Amino acid sequence: MTTVLHKQEQVTLDTFLRGIWEENPVFVMLLGMCPVLAVTNSTLNAIAMGLATLFVLVASGTLVSLLRKMIPREVRIATYIIIIATFVTMVDYTIQAISLDLYNSLGAFIQLIVVNCVILGRAEAYASRQRVGAAVVNALGMGVGFTLALLCLGTVRELLGAGTILGYPIFSPNFEPWVVMILPPGGFFVLGGWLLLFEWIKQRRERRTLQAQGATAHGS
Amino acid sequence: MDPESVQFIFLNAAIVNNFVLALFLGICPFLGVSAKKETAWNMGLATMFVMLVSSVCAYGINLLLVRFNIEFLRLISYIAVIASAVQLVEMALKKFSPGLSRAMGIFLPLITTNCAILGLALFQTFREYNFVQSLAFSIGAGVGFTLALMLMSGLREKLELARVPSVSQGAAMSLMLAGLLSLAFMGFAGLGSSHA
């Protein structure tokens, strides 16, 4: 077996923050879209799904990083999937024990965390190459970024689709809810809307820097 | 139509509760490989085949799990079965039809992490389908997936010629399109129910 040496990353604040903004799994990398669209029809579901994914990310990242020298390269993907599936089974039974209502509203999507590409992607691209500390911090950042993205979608969809946030009414009783927002098409529209917003911000920032550069060049 | 009947299960999985547009399963390949009609068609066929194989395998595995009372191993055994089914299909294709195998290329191994496959296996277990119903369900889901993928790729090929604002190019536009498609598919709700 040949050992591939990878540069060990120093744990900095950036290791954590990268997952939230610069490499946000949902908005930037477009990974793990299925749960993002499917369970964000209410804020509560979004939070539960985000936390479940966060736990699986951190736990599997830790284990993969600890075992990284023992896993043969040829069967690494299968090993990662088995590790992830173990933690997902744990989460599945825990949620079932805590709240049966929540379990029923999330449906099969808790078990489908196994095939969430964010988790497998992190295991392959980061946890299998870095020390445990860095892997845990990075997984935490990714998990928080994923949860925030779910929350972005969940709140907008619940607010527009039912006029409530976490079940509390926000608008006056005269508000006519846009039911389409909590139905499947709403998921696509809201995510598309957020992506448009981020792209607009990015382009505006690029234009500003260009203008600033142009101004300094002109001034000198 | 009787909700337990084979035709209803097929129709329901293919159109009314389309795996991609209504249940949000398999969004990654739906957005990833829908840029060209040809690749979309190959991906759809490969997925349909793996769905059929893994549905049959999952049915057998579930019988064993229930027999020995170890249902908590369901998730782990399903994903292991799917991964090996994909591997088997890949090897068989390479041996018997190298041309098709080349055409599928990278898509075959990617199917392992397609949540539509695992979702199919889990749903058929939850709904306690018998063997024939499982078969109808898996074929229906495969047809529905291919249909959604083909529709999307057709739209995106047309879209290449359209002038859209620079902000909305790329993923945002695809998502909006998918939303419209999903809205159109909502019109099928209630199809095949007893009142119709």
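Both backbone and side-chain heavy atoms feed into the values below; hydrogens, waters and symmetry mates do not. What you are looking at is a predicted structure, and each value in this text was computed from that prediction instead of being measured.
Proximity to chain B involves both the backbone and the side chain of A:Leu196, based on heavy atoms less than 4.5 angstrom apart. Interface remark: B:Ala178 contributes backbone and side-chain atoms alike to the contact with chain A (heavy atom separation under 4.5 Å). Using a 4.5 Å cut-off between heavy atoms, B:Ile79 touches chain A through its side chain atoms alone. For B:Ile76, the parts lying under 4.5 angstrom from a heavy atom of chain A are both the backbone and the side chain. Heavy-atom distances place no part of A:Leu31 under 4.5 Å from chain B, backbone and side chain included. Residue B:Met186 touches chain A through its side chain alone, counting heavy-atom pairs closer than 4.5 Å. Only the side chain of A:Val180 comes within less than 4.5 Å of a heavy atom in chain B; its backbone stays farther off. Heavy-atom distances place no part of B:Phe185 under 4.5 Å from chain A, backbone and side chain included. For B:Phe126, the part lying under 4.5 angstrom from a heavy atom of chain A is the side chain only. Both the backbone and the side chain of B:Leu180 have a heavy atom closer than 4.5 Å to some heavy atom of chain A.
Within the 6.0 Å centre-distance limit, the rings of B:Tyr59 and B:Phe131 are counted as a close aromatic pair.
Listed by chain and residue number, A:Asn45, A:Leu102 satisfy the side-chain contact (heavy atoms from CB on, under 4.5 Å) test with A:Ser105 (two or more places apart in sequence, or in another chain).
Using the six-membered ring where Trp is involved, B:Phe30 and A:Phe188 have ring planes that are tilted, between 30° and 60° apart. In this structure, B:Phe137 and B:Phe123 have perpendicular ring planes: the angle between them is above 60°, well past the 30° mark.
Side-chain contact check for A:Arg204 versus A:Arg207: some heavy-atom pair is nearer than 4.5 Å. Residues A:Thr155 and A:Leu166 have side chains not in contact (no heavy-atom distance under 4.5 Å, counting atoms from C-beta outward). Contact check for A:Ile47 versus A:Leu150: no side-chain heavy atoms found under the 4.5 Å cut-off. Considering only heavy atoms from C-beta on, B:Arg127 stays 4.5 Å or farther from B:Ile9 through its side chain. For the pair A:Asn24 and A:Phe198, the minimum side-chain heavy-atom distance is 4.5 Å or more.
The environment of B:Phe49 atom CZ is sparse: at most 12 non-hydrogen atoms of other residues, nucleotides or ligands sit within 6.0 angstrom. Residue A:Glu206 qualifies as enclosed at atom CD: its count of foreign heavy atoms under 6.0 Å is above 12.
For residues 107-127 of chain A, the interface with chain B (any heavy-atom pair closer than 4.5 Å) comprises A:Ala108, A:Phe109, A:Gln111, A:Leu112, A:Val114, A:Val115, A:Cys117, A:Leu120, sorted by residue number.
Considering only heavy-atom pairs separated by less than 4.5 Å from chain A, the leading option among B:Leu181, B:Leu73, B:Val20, B:Leu25 is B:Leu25. Heavy-atom pairs under 4.5 Å with chain B were tallied for A:Cys34, A:Gly193, A:Ala85, A:Gly192; the largest tally goes to A:Cys34. With chain B as partner, the option from A:Val39, A:Leu197, A:Leu191, A:Leu30 having the largest number of non-hydrogen pairs under 4.5 angstrom is A:Leu191.
Just one residue in the list A:Thr40, A:Ile170, A:Thr164 forms a side chain to side chain contact (heavy atoms under 4.5 Å, CB included) with A:Glu158, and that residue is A:Thr164.
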